[in-house]
Amino acid sequence: MNHLLTVKDVYAGYIKGLYILQGINFHINPGELVAVIGPNGAGKSTLAKAIFGLLTPSSGEINFKGESIGGLKPNEIVQRGMCYVPQISNVFAALSVEENLEMGGFICKGSLNALKDKIYTMFPVLAQRRRQKAGTLSGGERQMLGMGRALMLDPDLLILDEPSAALSPLLVNSVFEQIQAINQTGKAIILVEQNARKALEMADRGYVLENGVDRATGSGKELLDNPKIGELYLGVAYQKES
Ligand code: ADP
Ligand code: MG
């Protein structure tokens, strides 16, 4: 199968000569849900930014739908069917929920109303709050709006950077359910998460990042069952057999 997205031997960083991503390899297939986990500072957000064109790789290749996108700008990448919801500041606080969705759909060719209705059906709470300023939403509602805004473009690939950060456990569950529901509509999702166990439980596959490289990869279950990963990232203490 042709991968939807392939990242091959990518080096990238914020300062010339200082690489945060140090030869990283990654791929996602159409319709897959892939979790990216790893400690703080491992380069998870940097990988997301490099894929979405917010950072230009110094070397290596990024291919999306069979074409190189390394060096393209986010607005060009969006047009090809990829959306990104950043870790923070993912909504326009001063705009209403409805205006946020309309901003998300600004390059849409089809009917904005039909798209908005689809998002409101998926996230009924956004429909209730459509006239409210996004800045007044709760953390969970903001995450839903951030995802809804990205979905206005009907992307084939959605990149979510820590959608569960700073949410209460109850909201974490509901945001994760929404992510699964979006995935079930056929959209591939890259899910960057601190909440490693939950992310791996629902992912088809996962990657463990460490110091800017893909340290381990496998199915969600394989990574969950891997004692080393359990000890390092899942808060599981494995007892040695005597
Ligand atoms: P993660 O998302 O896995 O926690 P990041 O990709 O955000 O990690 O960060 C990886 C490294 O890149 C860290 O050492 C961080 O300090 C550095 N970094 C992140 N953003 C910037 C930036 N805008 N400028 C310079 N360094 C940055
Ligand atoms: Mg991050």
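Both ligands and their constituent atoms are indexed starting at 1 by order of listing.
Checked against a 3.5 angstrom limit, the closest N/O atoms of G41 and ligand 1 fall inside it. An N or O contact shorter than 3.5 Å links K44 to ligand 1 by distance.
Of the protein's non-hydrogen atoms, I20 CD1, 3.3 Å is the one closest to atom 12 (O) of ligand 1. Scanning the protein heavy atoms around atom 7 (O) of ligand 1, the nearest turns out to be S45 CB, 3.6 Å. In terms of protein heavy-atom proximity, atom 26 (N) of ligand 1 is closest to Y14 CD1, 3.4 Å.
Within the 4.0 angstrom cut-off, atom 15 (C) of ligand 1 has no protein heavy-atom neighbours. Within a 4.0 Å radius of atom 1 (P) of ligand 1, the protein contributes one or more non-hydrogen atoms.
No donor-acceptor pair closer than 3.5 Å links the side chain of Q184 to the backbone N or O of A181. Of the possible polar contacts, one joining the K44 side chain to the G38 backbone as a donor-acceptor pair under 3.5 Å is found. Of the possible donor and acceptor atoms, one in the side chain of N100 sits under 3.5 Å from a partner among the backbone N and O of F92.
A 6.0 Å sphere centred on CG of L18 holds more than 12 heavy atoms belonging to other residues, nucleotides or ligands.
Using a 4.0 Å cut-off between a side-chain N of Lys or Arg and a carboxylate O of Asp or Glu, D156 and K65 qualify as a salt bridge. Ionic pairing of R130 and E98 is present here: one or more N-O contacts between side-chain nitrogen and carboxylate oxygen are shorter than 4.0 angstrom. In summary, E222 and R205 do not engage in a salt bridge, as defined by a charged side-chain N under 4.0 Å from a carboxylate O.
Considering L153, I69, I190 as possible partners of M82, the one that fulfils the side chain to side chain contact (heavy atoms under 4.5 Å, CB included) test is I69.
Annotation for ligand 1: atoms under 4.0 Å from non-hydrogen atoms of N40 are 4 (O). Close approach to T46 involves these atoms of ligand 1, each under 4.0 Å from a residue heavy atom: 5 (P), 6 (O), 9 (O), 10 (C). Near P39, the atoms of ligand 1 lying under 4.0 angstrom from a non-hydrogen atom of the residue are 3 (O).
Here the protein contributes S45 OG, Q87 OE1 as N, O or S atoms under 2.8 Å from the Mg ion (ligand 2).
Scanning all heavy atoms of the two residues, the minimum distance from A12 to T56 falls at CB-O, 4.4 Å. Nearest heavy atom pair, residue S164 against residue E193, reads OG-OE1, 2.9 Å.
Between I62 and V10 there is a side-chain heavy-atom pair separated by less than 4.5 Å.
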